[in-house]
Amino acid sequence: MSDNPVDMRDGATIGAKRLLARAAAADSRAHAALKVAVDDFFLPEDRRLDERTRSALGVLLRGLVETVEAEVREHGARLLGARGEGGLATALAQGDASVMARLAGSGLLRDPELMAELIARVRQELIGNALPMSAPDDPERPSLINRFVQHPDRVVAASAMAVLFVESRRRGGPESGQLAQTELPSELHHRLVWWVAAALRERVADEAEDAVDALDRALSDAAQRSLTAYDEGDRLEAAAMRFAAAIDAQPGELPGLLVESLGDRRIVVFTALLAHAMGVSHALARDIVLDPEADRLWLACRALELSRDTIAKIGYALCEADPRRDLESFADALDAIASIAPGEARTALAPMKLHPDYRAAVIALGRGGAS
């Protein structure tokens with residue numbers, strides 16, 4: 001008699017076994033929710049995402065998923081229609097909800113590399129928008145990028161124009177809906193495309209019945225089309241690195257360009273100039289620039305022989321833009337930073353120039369502890 005109905009909901013009977021299963025699931029959910037709440041409570045404040053970053057991260061992540069989903073869904077439906085699967089094409093095209101919730105619930109979006117990239121991108125954008133604007137000494141002088149757009153060297157001019165174009169595209173931002181493209185590193189874009197394709201398959205598979213193979217082929221072809229069309233070199237960071245390489249700032253030019261790029265609120269360009277001068281990737285330079293402790297940044301500045309005055313301007317701008325930084329502590333440390341010998345700083349930073357995979361292996365081995 002354990003299967004006798006004990007409740008009625010929407011006209012459907014709920015047996016005792018099902019009710020017990022629901023209760024057990026609810027108990028499991030409550031335990032998981034408690035664990036999350038406890039972990040959150042004991043998380044140190046300096047490791048907690050502030051609300052501004054959390055909100056921007058959520059908007060960006062949803063924008064990325066929905067951008068890829070729209071592309072794969074649209075082309076997949078077109079392929080199904082062309083292959084005589086009209087009903088299935090309609091089912092795929094008329095999805096009533098984003099696959100975002102499914103991907104989040106699956107845990108796939110917790111991918112450490114993906115989240116590290118998105119958190120860095122969000123922080124970079126927030127800091128860039130909050131940088132104090134610097135009025136130029138000459139009001140008639142164009143801003144940094146606009147000035148190089150007019151450069152007589154066509155390579156320099158084209159690279160500056162590319163930065164303006166990609167910057168404008170990214171600043172269209174997820175707030176306006178879908179993005180023009182994900183602007184993720186290629187490997188992360190690939191992962192996201194296949195995750196979205198799999199989630200779309202799961203959503204439509206029940207309606208496919210005997211046409212699941214057709215659905216799989218269409219989604220796979222649509223995903224591969226998206227991957228083939230994607231060019232990692234179109235990212236803003238890549239464009240900024242090409243610009244930095246094109247102008248190839250010399251020691252006498254670099255300090256002014258670094259300070260001016262921050263004054264123009266172009267933190268991606270600032271990071272690219274620093275990365276090119278150091279001989280490291282934009283991703284590594286971005287980690288250095290975004291680190292609120294800034295020890296590596298000051299070492300990099302001294303390795304490049306930047307003066308006390310230049311370091312002061314850079315530090316002041318970043319402290320003003322990033323609430324995680326302490327302006328007074330920076331001011332107190334400025335003399336000590338300026339006294340570091342460039343050769344000593346270069347020696348300290350030498351491991352950063354190792355091959356990225358080798359460096360990652362060294363770090364991973366160190367985290368593993370002694371044998």
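Along the sequence shown, the residues carry numbers beginning at 1. Worth knowing before you read on, the calculation uses all heavy atoms, side chains too, and leaves out hydrogens, waters and symmetry mates.
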Side-chain donor or acceptor of Thr228 paired with backbone N/O of Gln224 under 3.5 Å: yes

Salt bridge Arg102-Glu69, side-chain N to carboxylate O under 4.0 Å: no

Cluster overlap Val122 with Val166, hydrophobic side-chain contacts below 4.5 Å: no

Which residues share a salt bridge (Lys or Arg N to Asp or Glu O under 4.0 Å) with Glu187, sequence neighbours left out: Arg191

For Leu334 against Ala312, the heavy-atom pair lying closest together: CD2-CB, 3.7 Å

Spacing of CZ belonging to Phe270 relative to CD1 belonging to Ile127, to within rounding of 0.5 Å: 11.0 Å

Verify same cluster id: Val155, Val163 (apolar side-chain graph, 4.5 Å): no

Spacing of CZ belonging to Arg62 relative to CG belonging to Leu179, to within rounding of 0.5 Å: 12.5 Å

Within one Ile-Leu-Val-Met-Phe-Trp-Tyr cluster: Trp298 and Val289, side-chain cutoff 4.5 Å: yes

Under-4.0 Å salt bridge between Glu74 and Arg78: yes

N/O donor-acceptor pair under 3.5 Å between Arg121 side chain and Ala116 backbone: no

Nearest-0.5 Å distance that lies between atom CG in Leu60 and atom OG in Ser55: 11.0 Å

Salt bridge present between Arg123 and Asp50 (N-O < 4.0 angstrom): no

Main-chain N/O of Arg286 paired to Thr271 side chain as donor or acceptor, under 3.5 Å: no

Polar side-chain atom of Arg73 near backbone of Leu92 as donor-acceptor pair, under 3.5 Å: yes

NZ/NE/NH1/NH2 to OD/OE distance under 4.0 Å, Arg346 and Glu305: yes

Spacing of Thr182 atom OG1 and Glu117 atom CD [to the nearest 0.5 Å]: 9.5 Å

For the student: nearest non-hydrogen atoms of Pro185 and Glu232, plus distance: CA-OE2, 3.3 Å

Same apolar cluster: Leu290 and Leu188, side chain cutoff 4.5 Å: no

Under 3.5 Å donor-acceptor, Ser106 side chain and Leu103 backbone: yes

Side-chain (Ser220) to main-chain (Asp216) donor-acceptor, under 3.5 angstrom: no

Ion pair check, Arg235 and Glu237, cut-off under 4.0 Å: yes

Ring geometry between His189 and Tyr230 (parallel below 30°, tilted from 30 to 60°, perpendicular above 60°): parallel

Spatial distance of atom CE (Met133) from atom CG (Leu262) [nearest 0.5 Å]: 12.0 Å

Nearest heavy-atom neighbours spanning Ser98 and Arg203: O-NH2, 3.2 Å

Sidechain-backbone polar pair: Glu71 side chain, Val68 backbone, donor-acceptor under 3.5 Å: no

Heavy-atom pair of closest approach, residues Asp264 and Leu144: OD2-N, 2.9 Å

Heavy-atom donor-acceptor pair, Thr53 side chain to Leu49 backbone, under 3.5 Å: no

Donor-acceptor contact present, side-chain Ser226 to main-chain Ala222, <3.5 Å: no

Lys/Arg N to Asp/Glu carboxylate O, Arg266 vs Glu167, below 4.0 Å: yes

Arg302 side-chain N/O to Ala345 backbone N/O, donor-acceptor pair under 3.5 Å: no

For the student: nearest non-hydrogen atoms of Pro255 and Thr310, plus distance: CB-OG1, 3.7 Å

SB check Glu183 Arg169 (cutoff 4.0 Å): yes

Shortest non-hydrogen separation from Lys353 to Met278 and the atoms involved: CE-O, 2.7 Å

Salt bridge flag under 4.0 Å for residues Lys313 and Asp309: yes

